[in-house]
Amino acid sequence: MLEQMNAVFLEEATELLDNLEGQLLALEEDPQNAETIGAVFRAMHTIKGSAAMFGFDAVSHFTHEIESTFDLVRNGIVPVTHELINFTLSARDHIRDLLAANPVPPELQTVSDKIVSDFQRYVQPYKNDGNSEKSSEQKSSEAQPQKQAGAENTWRIMFRPSAEIMRNGTRPALLIKELTELGTSTVVPFYESLPPLSEIDPEKCYFSWDVILTTEKSENDIQDVFIFLDNDSKVTCEKIDIGSSGTRKIGEILVDRHEINRSELDSLIAQQKKLGQLLVENTSISKQQIQSALAEQEHITKIISEGNKPKPSQTAQAPQASQSIRVSSEKLDQLIDLVGEMVTFNARLSQLAQDMKLPALTSLSESSERLILSLRDTSMDMRMLPIGTIFSRFRRLVRDLAAELGKNIEMVTEGAETELDKTVIEKLNDPLVHLIRNAADHGVETPDVRVAAGKNAQGTITLSAKHAGAFVHITIADDGAGINRERVRQKGLEKGLIKAEDKLSDSEIDELIFRPGFSTAAKVSDISGRGVGMDVVKRNITTLGGTIAIESTPGKGSAFILKIPLTLAIIEGMLVQIGENKYVIPLTNVDECVEYEPEGEDDGGMCSHITARGQFLPCINMRRYFDEKGEQPIDEQVVVVNDQTSKIGIIVDKVIGNHQTVIKPLGKLYKNIEGLSGATILGDGSVALIFDVFKLSAVVHRLEQENISR
């Protein structure tokens, strides 16, 4: 159980640290943003409290120092500077290392001490400057508007921990301490369950608490204190309506707490005795409940007397609790696998209904197909994530690269809300890192070069995404110098990739940078020059079933456009037959189906040509490509497909129709066969191979070039 709780904490802490990086970079751009400063402080505060709760003491102690610094920042004492952001980003990275190494080795503790020393050195001048009474008053008055930014509310929090709470690693006393730090508080402990000393189990909790808290924080902030609470413990949080009539009476407080009803209260008051005595004698209310109500009365009286009573116009409703839950990616993957099995099962059911020609079975098959389609779409939506989840990581990358290269680079993101399958997003990280590093190193010029060319000294790298049917287009663009095609051509000659007499188009020259080992860097550095990167990018994108294209204008910049499929799990396909076997063509690549009418006589080769809608298209005969046996049909068909940049025809024996395709990976035996990307199971239990349209297109164009050379 403790391991599960630790896993939850580490997952939450990782998410907080991911968000923290974006918040710090946003704060660097807008140092006066009180909301962002508060978000950074809350992130550090949450990590500190949770780390202490789960025994990550080194993380808690280290984070406390950063939290203290940002407490001074939000109070207007310490300013936000580029140096402070650098320190905090280093601290954020170090917290990751500390979380991954519990217990902490001496070398990491040394790093902790150095970073803490940097923070202390940074804040010291501002602390010293605040020693004078005049300076302190001035800074206090400057900080006051931030403190009064939100309306204060008074909350009644009842914390009833389970007896076993401490066995799960939770320390109730620390939760109460963290709660009291949120504002002005009154704590009332209940200990009626405390047994005699001889019967006490030191691993059990016998206490419970009532806390009256006046704070600017929302109900969500209060509930966050108890985020890792076990299921058997109970917390209630209720806003107290102080009203405008002054001090509330004990009876009213108890009615408000639902510990006594109004009729019982009126009956007791009629006896004209002390209410507290009557309540204990004649109801189930304990002395401790009376004490808690008295503490609440005293707290509210104090708040009113200090003039901190919230005005109705200032009272903000707490935001609704999140309606989302956290589910492990393994469970989502398992769900998709099960949906895939159901798709296969439904295909078998449809085949059976078609063979038996029973109306009742056909109706069941159609109903099943509708439900499974809906389930498939819902399951796929659950795996979809906004691509902004990885976009945010690259802001830090660009910031660090700019500092290392001595350049001034701004990163702009567009379409971060565009959704993509989580599996695809995970596999996109490395290619995007390579492309952004390439843009920063080779694309954007240094400030002096840009100014001399009449440009703004600050360069821009734009990362954008948008939907295009069943694909997502991701563009990495810069406003730099563009590709020096003459230099690329010379490097191609030096490496023997091309011949001097070759006449290459601009796009063919651009494609050279994707060759293994190709680099135009003048010297090897930590960022580039080893010839490793761009070939890996193309290989990874191709593995995803996508393509990459280049657009570049000398002096104005370059753009790399990635076309990525939305998902890698289930696709719509077109089922075709070639010989005795069936194959699937991804429907997103299909333009049309036509009868095969070759231009000229069939010479028995693998490639031929047709004219479709006035366009002369190369075709590949899949029967000959796969050496299929059996009699060739008299009437063959052509499926016209596109690979984003061109069209080709795929000659098949027969087009069967649309087919929901659950993609299964190919074994090692088929790993190096050009033109195949996976397999699927049909309704009759047989296997159909899935065509890779992009690789087939490359095969066709290569064969055409060979024919021209002959």
Side-chain angles (χ1 to χ4, degrees), residues 16-45 47 62-97 111-130 139 142-143 146 391-413 436-437 439-441 444-451 455-463 478-479 526-527:
L16 283 169
L17 291 172
D18 288 342
N19 294 335
L20 180 62
E21 184 173 86
Q23 291 161 354
L24 289 170
L25 295 175
L27 185 60
E28 186 173 36
E29 296 175 1
D30 185 8
Q32 303 300 322
N33 192 311
E35 185 176 342
T36 309
I37 292 171
V40 173
F41 174 80
R42 287 192 298 273
M44 292 297 183
H45 180 74
I47 293 172
F62 174 76
T63 311
H64 175 72
E65 295 294 336
I66 295 92
E67 178 198 20
S68 299
T69 299
F70 273 88
D71 190 32
L72 296 173
V73 171
R74 68 175 186 160
N75 287 330
I77 298 173
V78 171
V80 174
T81 64
H82 179 73
E83 185 180 19
L84 178 61
I85 297 297
N86 280 339
F87 288 157
T88 313
L89 285 171
S90 298
R92 175 257 183 202
D93 295 341
H94 186 59
I95 292 172
R96 275 188 180 277
D97 296 336
V111 176
S112 296
D113 295 340
K114 180 185 181 305
I115 294 175
V116 168
S117 175
D118 289 338
F119 275 95
Q120 292 174 342
R121 175 174 52 80
Y122 180 83
V123 302
Q124 194 60 45
Y126 303 102
K127 282 186 174 180
N128 291 340
D129 188 45
K139 285 175 179 168
E142 290 173 355
Q146 290 186 7
F391 277 13
S392 58
R393 305 175 193 171
F394 301 131
R395 294 182 65 193
R396 171 79 179 278
L397 174 66
V398 170
R399 178 185 185 273
D400 293 346
L401 284 173
E404 186 176 348
L405 295 167
K407 297 180 179 180
N408 186 355
I409 306 175
E410 176 190 23
M411 182 173 179
V412 177
T413 59
I436 289 172
R437 291 169 70 91
D441 191 19
V444 179
E445 314 95 324
T446 55
D448 55 335
V449 173
R450 291 181 63 86
V451 170
K455 296 182 179 180
N456 191 320
Q458 183 181 61
T460 302
I461 294 177
T462 303
L463 187 57
D478 64 73
D479 62 349
D526 291 338
I527 298 173

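The main-chain N or O of T460 is found under 3.5 Å from a side-chain atom of D479 such that the two form a donor-acceptor pair. With hydrogens and angles ignored, the 3.5 Å screen pairs no side-chain donor or acceptor of R450 with any backbone N or O of K455. With hydrogens and angles disregarded, a donor-acceptor distance shorter than 3.5 Å links the side chain of S90 to the backbone of N86. Side-chain atoms of K407 come within 3.5 Å of backbone N or O of V444 as a donor-acceptor pair. Looking at N75, its side chain does come within 3.5 Å of a backbone N or O of D71 through a donor-acceptor pair.
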Chi angles and distances behind the side-chain contact (heavy atoms from CB on, under 4.5 Å) call for I436, R393: CA-CA 11 Å; I436 289 172; R393 305 175 193 171; over 6 Å; no
Residues L405, D441; criterion side-chain contact (heavy atoms from CB on, under 4.5 Å); working and verdict: CA-CA 7 Å; L405 295 167; D441 191 19; 3.8 Å; yes
Worked check of side-chain contact (heavy atoms from CB on, under 4.5 Å) between L17 and I47: CA-CA 9 Å; L17 291 172; I47 293 172; 3.8 Å; yes
CA sep, side-chain torsions, deciding dist, call: F62, I115, side-chain contact (heavy atoms from CB on, under 4.5 Å): CA-CA 9 Å; F62 174 76; I115 294 175; 3.7 Å; yes
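Atom-to-atom distance recorded for H45:NE2 and L16:CG is 12.0 Å, nearest 0.5 angstrom. For the atom pair CD (E28) and CG (N33), the distance works out to 14.0 Å, reported to the nearest 0.5 Å. Note that the OG1 atom of T69 and the CZ atom of F87 stand 10.0 Å from one another [nearest 0.5 Å]. Note that CD1 of I409 is 10.0 Å distant from CD of E445, once rounded to the nearest 0.5 Å. Between the CG atom of N19 and the CZ atom of R42 there is a distance of 12.0 Å, given to the nearest 0.5 Å. Rounding to the nearest 0.5 angstrom, the gap separating the CZ atom in R92 from the CG atom in D18 is 6.0 Å.
Within 6.0 Å of CD on Q120 lie more than 12 heavy atoms contributed by other residues, nucleotides or ligands.
Considering all non-hydrogen atoms of both residues, D478 and A439 come closest at OD2-CB, 3.8 Å. Closest heavy-atom contact between G406 and P447: O-CD, 3.6 Å. The shortest heavy-atom contact between Y126 and I77 is CB-O, 3.8 Å. When all heavy atoms of P31 and I37 are compared, the closest pair comes out as O-CD1, 3.7 Å. When all heavy atoms of F391 and L463 are compared, the closest pair comes out as CD1-CD2, 3.4 Å.
In this structure, the side chains of T413 and F394 stay at 4.5 Å or more apart for every pair of heavy atoms. Considering only heavy atoms from C-beta on, V73 comes within 4.5 Å of L84 through its side chain. No side-chain heavy atom of F119 sits under 4.5 Å from any side-chain heavy atom of S68.
Here R96 does not pair with D93 in a salt bridge; the nearest charged N to carboxylate O distance is not below 4.0 Å.
Just one of L89, I95, V40 meets the side-chain contact (heavy atoms from CB on, under 4.5 Å) condition when paired with L20; it is V40. Tested against E21 for a side chain to side chain donor-acceptor pair (under 3.5 Å), the candidates R399, R396, R395 yield a single pass: R396.
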